[in-house]
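What follows is one structure encoded as structure tokens, with my remarks underneath.
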Amino acid sequence: MNSPSTTIKKDKVVVVSGAGLSAPSGLSTFRDNNGLWRTYRFEDVASPNAWKKQPQVVLEFYNERRAKAADATPNAGHLAIAALEREFEVVVITQNVDDLHERAGSTKVIHLHGELSKARSTEDESLVYEIGAKPIALGDHCEKGSQLRPHIVWFGEEVKLIDTAADELADAGRVLVVGTSLKVYPAAGLCSVAHDEALKYYVDLDAKRKVEGFEVIQGSADVILPELLKTWTR
Ligand code: APR
């Protein structure tokens with residue numbers, strides 16, 4: 001529950017987004033019928049153990065996703081979120097590793113699960129490099145001579161930005177959760193951090209899902225968000 005001392009900021013919007021927001025841009029989700037985890041086992045491509053056992057397979061998995069993300073364009077859902085910044089303080093907390101929020105114009109984006117467009121040293125995690133759409137190959141080294149890895153939070157690794165995200169969410173006057181199955185913690189736990197008095201919306205294709213305290217709006221993010229967010233602006 002919220003600490004009674006937290007007062008909400010009426011003009012602050014926090015968005016929590018998942019793969020469903022990028023689906024209309026042509027990027028795969030994880031748990032839908034044609035999702036990534038239907039094709040791959042995440043233990044084989046998105047875990048420290050996979051990196052130890054088969055780094056080439058892991059690199060290829062992310063090189064392919066990085067190229068697809070670079071080819072994708074932000075959809076009307078991303079653009080509607082970015083447009084909110086004309087009238088609100090907006091913080092985007094995303095589970096997505098693409099940069100479609102940034103390319104749509106959002107200026108404050110917290111990537112809980114990392115970013116495809118960055119690589120980092122395996123020896124010193126503070127060494128992070130912008131690589132855009134470029135692939136990472138075995139033998140690509142950081143300035144200290146260690147192998148580069150995707151700047152992604154793998155299963156079993158710490159989500160270092162979760163407290164920052166929760167702090168941003170706690171005083172938001174409006175919370176919009178969009179395109180996420182809410183199956184992966186700690187990200188999924190953010191819904192319970194939202195203030196009782198905040199306006200809370202959950203937008204998703206799956207009409208069956210219920211989220212305590214949230215108004216559930218069923219539909220595709222690129223259709224629902226422009227209509228919904230237009231009603232928020234004067
Ligand atoms: N509009 C809105 N929602 C959509 C759309 C769409 N066009 N298409 C799919 N969805 C919804 C699905 O109904 C589902 O609820 O998006 C959600 C996608 O769920 P997941 O595939 O589980 O993706 P996500 O919730 O982002 O996964 C969280 O799991 O594997 C990890 O690191 C990975 O960040 C990812 C995390």
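Each ligand, and each atom within it, is numbered from 1 in the order the structure gives.
Looking at A23 next to ligand 1, no N or O pair under 3.5 Å apart turns up. Considering backbone and side-chain atoms together, Y202 places no N or O closer than 3.5 Å to any N or O of ligand 1. Annotation: T180 places an N or O atom under 3.5 Å from an N or O atom of ligand 1; distance criterion only.
The nearest heavy-atom contact from the protein to atom 4 (C) of ligand 1 is G20 CA, 3.5 Å. At the top of the distance list for atom 26 (O) of ligand 1, counting protein heavy atoms only, stands A19 N, 2.8 Å. Closest protein heavy atom to atom 34 (O) of ligand 1: H113 ND1, 2.9 Å. F30 CE1, 3.5 Å is the protein heavy atom nearest to atom 35 (C) of ligand 1. Among all non-hydrogen protein atoms, the one lying nearest atom 1 (N) of ligand 1 is A221 N, 2.9 Å. The protein atom (non-hydrogen) at minimum distance from atom 7 (N) of ligand 1 is S220 OG, 2.9 Å. Atom 27 (O) of ligand 1 has as its closest protein heavy atom R31 NH1, 3.1 Å.
Close approach of ligand 1 to G179 is summarised as follows: ligand atoms under 4.0 Å from at least one heavy atom of the residue are 3 (N), 16 (O), 17 (C), 18 (C). Ligand 1 places these atoms under 4.0 Å from at least one heavy atom of F155: 30 (O), 31 (C). Heavy-atom contacts of R209 reach the following atoms of ligand 1: 15 (O) (cutoff under 4.0 Å). Atoms of ligand 1 lying under 4.0 Å from any heavy atom of G18, numbered from 1 in the order shown and given with element: 26 (O). Here is the list of ligand 1 atoms found below 4.0 Å of a heavy atom in Q95: 28 (C), 34 (O), 36 (C). Near W37, the atoms of ligand 1 lying under 4.0 angstrom from a non-hydrogen atom of the residue are 30 (O). Within the listing of ligand 1, atoms 7 (N) sit less than 4.0 angstrom from a heavy atom of P24.
Taking the six-membered ring where the residue is Trp, W232 and Y201 present tilted rings, their angle falling between 30° and 60°.
Within a 6.0 Å radius of CD in E212, other residues, nucleotides and ligands contribute 12 heavy atoms or fewer.
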| message | I'd like to know whether E87 forms a salt bridge (charged side-chain N to carboxylate O under 4.0 Å, His left out) with R174, so could you lay out the CA-CA distance, the side-chain angles of the two residues, the decisive distance to 0.1 Å, and finally the verdict. | response | CA-CA 13 Å; E87 295 189 38; R174 295 170 191 249; over 6 Å; no
| message | Using the rule given for side chain to side chain contact (heavy atoms under 4.5 Å, CB included), can you reason through Y62 versus I136, listing the C-alpha separation, both sets of side-chain angles and the distance that settles it, and then say yes or no? | response | CA-CA 9 Å; Y62 285 99; I136 304 174; over 6 Å; no
| Step by step, would you call L112 with I93 a side chain to side chain contact (heavy atoms under 4.5 Å, CB included)? | CA-CA 7 Å; L112 290 178; I93 298 166; 3.6 Å; yes
| task | Please report the C-alpha distance between Q147 and L59 in whole Å, then the side-chain angles of each, then the deciding distance to 0.1 Å, and finally whether the side chain to side chain contact (heavy atoms under 4.5 Å, CB included) criterion is met. | result | CA-CA 11 Å; Q147 173 67 43; L59 288 175; 4.3 Å; yes
| query | Does the pair K9 and D11 meet the rule for a salt bridge (charged side-chain N to carboxylate O under 4.0 Å, His left out), with working shown? | reply | CA-CA 5 Å; K9 292 180 181 170; D11 282 352; over 6 Å; no
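Compare D204, V223, V184, V178 by their heavy atoms: the one nearest to atom 14 (C) of ligand 1 is in D204. With D206, T29, L205, D32 as candidates, the residue nearest to atom 12 (C) of ligand 1 on a non-hydrogen basis is D32.
S25 meets the side chain to side chain donor-acceptor pair (under 3.5 Å) test with N75; sequence neighbours excluded.
For the residue pair D98 / S22, a side-chain donor-acceptor distance below 3.5 Å is found, with atom types taken as modelled. One side chain, S220 or D222, offers a donor N or O that lies under 3.5 Å from an acceptor on the other. Between the side chains of E102 and H111, a donor-acceptor pair is found at a separation under 3.5 Å. No side-chain N or O of T122 forms a donor-acceptor pair with one of S146 less than 3.5 Å apart.
The shortest heavy-atom distance from G219 to ligand 1 is under 4.0 Å. Not a single heavy atom of K183 lies less than 4.0 angstrom from ligand 1.
Shown are V15, I8, V193, L169; of these, the side chain to side chain contact (heavy atoms under 4.5 Å, CB included) with V175 is made only by L169.
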